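Okay, so here's the structure we're looking at.
Remember, it's 1-based here, ligands and their atoms both numbered in the order they're listed. These numbers come from a predicted model, not from an experiment. Along the sequence shown, residues carry numbers from 1.
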Amino acid sequence: MRKHIVAGNWKMNLSEQEAIELAKEVAEMRVENTEIVIFPPAIFIPTLSKLNLNLKIGAQNFFPKDNGAFTGEISINQLKEAGVTYVLVGHSERRTILKEDNTFLKEKVNAALEKNLHVVFCCGEELAIREQGTENEFVKNQLNESLFHLTQEQIQNVTIAYEPIWAIGTGLTASSAQAEAMHLFIRETLSSKYTTEIAAGISILYGGSCNPTNAKELFACPNVDGGLIGGAALKSADFNSIANSF
Ligand code: 13P
């Protein structure tokens with residue numbers, strides 16, 4: 001069956017010393033049957049890897065080419081050498097602020113899977129789309145244009161994170177009913193594209209103002225397999241409480 005995963009996306013926060021302390025605290029959490037992943041700022045990854053902590057380290061970003069004249073970018077091989085096993089692709093902040101579109105995200109998905117990294121693929125609608133009631137079509141299109149060219153074997157190395165943009169960093173969370181409805185829709189969409197067995201094995205995480213107060217109700221939904229946590233992942237006590245919310 002699919003895994004429970006709780007991942008912390010630290011975004012562009014913390015000093016090196018703060019990152020070391022937080023990573024150590026996260027590694028010391030007692031959590032059963034849940035994979036814990038942290039996505040620290042890239043510059044701290046080598047230092048955190050060398051601590052050999054009991055957690056997985058992911059990269060928030062990478063460039064989908066092996067090497068070459070790509071000023072400022074980091075390759076997958078470089079990240080792997082630093083100890084990365086997970087990557088985020090399609091986060092709404094990169095879609096919106098860095099203008100990454102579905103076609104470029106498809107290229108990133110391909111590059112990461114080719115190098116055997118596990119992809120956490122983010123999708124989710126902005127408020128105007130939800131107000132129009134077209135969020136299902138919107139999310140389906142994101143999956144279709146960036147993921148659904150993958151083979152049955154490849155898609156099994158992808159975790160999906162549903163992050164409604166209106167809930168990210170706003171304190172507004174999707175209700176458990178809204179989250180479950182979208183997660184079920186995503187699973188049914190995976191099921192019709194691939195097979196029911198494959199869809200049942202893919203973890204679908206919720207992200208967007210998830211905190212110690214709402215995590216239990218969200219994680220109790222049958223199709224919510226964990227969370228991608230932003231702000232609350234920066235405090236080990238909060239992250240610990242969320243990770244123990246199943
Ligand atoms: P917040 O938990 O701060 O809303 O961020 C969610 C997120 O974007 C995780 O990737």
In ligand 1, which numbered atoms sit nearer than 4.0 Å to a non-hydrogen atom of [X]?
| X | value |
| --- | --- |
| Glu163 | 6 (C), 7 (C), 8 (O), 9 (C), 10 (O) |
| Asn9 | 9 (C), 10 (O) |
| Gly208 | 4 (O), 6 (C) |
| Gly231 | 1 (P), 2 (O), 3 (O) |
| Ala167 | 4 (O) |

Residues which pass side-chain hydrogen bond (donor to acceptor under 3.5 Å, both in side chains) with Thr151, listed by chain and number, not counting sequence neighbours | Gln154
Do Glu163 and Ser92 have side-chain atoms, one donor and one acceptor, less than 3.5 Å apart?
-> no
Between Arg95 and Asn102, a side-chain donor and acceptor under 3.5 Å | yes
Are Val89 and Phe121 close enough that some pair of their side-chain heavy atoms sits under 4.5 Å apart?
-> yes
For ligand 1, find out whether one of its N or O atoms is nearer than 3.5 Å to an N or O atom of Gly230.
-> yes
Under 3.5 Å: N/O of Thr170 near N/O of ligand 1 | no
Using a 4.0 Å heavy-atom cut-off, say whether Leu228 meets ligand 1 through its side chain, its backbone, both or neither.
-> both
The answer for which part of Ser92 has a heavy atom under 4.0 Å from ligand 1 is neither
What is the closest protein heavy atom to atom 5 (O) of ligand 1, and at what distance does it sit?
-> Lys11 NZ, 3.3 Å
What is the minimum heavy-atom distance between Leu218 and Ala179, and which atoms define it?
->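 Closest approach of Leu218 to Ala179, heavy atoms only: CD2-CB, 3.8 Å.
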For ligand 1, is Ala161 a contact, meaning one of its heavy atoms is under 4.0 Å away?
->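 No, Ala161 has no heavy atom closer than 4.0 Å to ligand 1.
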With a 4.0 Å cut-off on heavy atoms, is Ala232 touching ligand 1?
-> no
Checking Lys99 side chain against Thr96 main chain: does a donor-acceptor pair fall under 3.5 Å?
-> yes
Does Ile202 have any side-chain contact (heavy atoms from CB on, under 4.5 Å) partners at least two apart in sequence or in another chain, and if so, which?
->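 Per chain and number, Ile202 pairs via side-chain contact (heavy atoms from CB on, under 4.5 Å) with Ile155, Leu190, Ile198.
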Any chain of hydrophobic side-chain contacts (each under 4.5 Å) joining Leu150 to Leu105?
->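 Yes; tracing contacts between hydrophobic side chains, which count when under 4.5 Å, links both residues.
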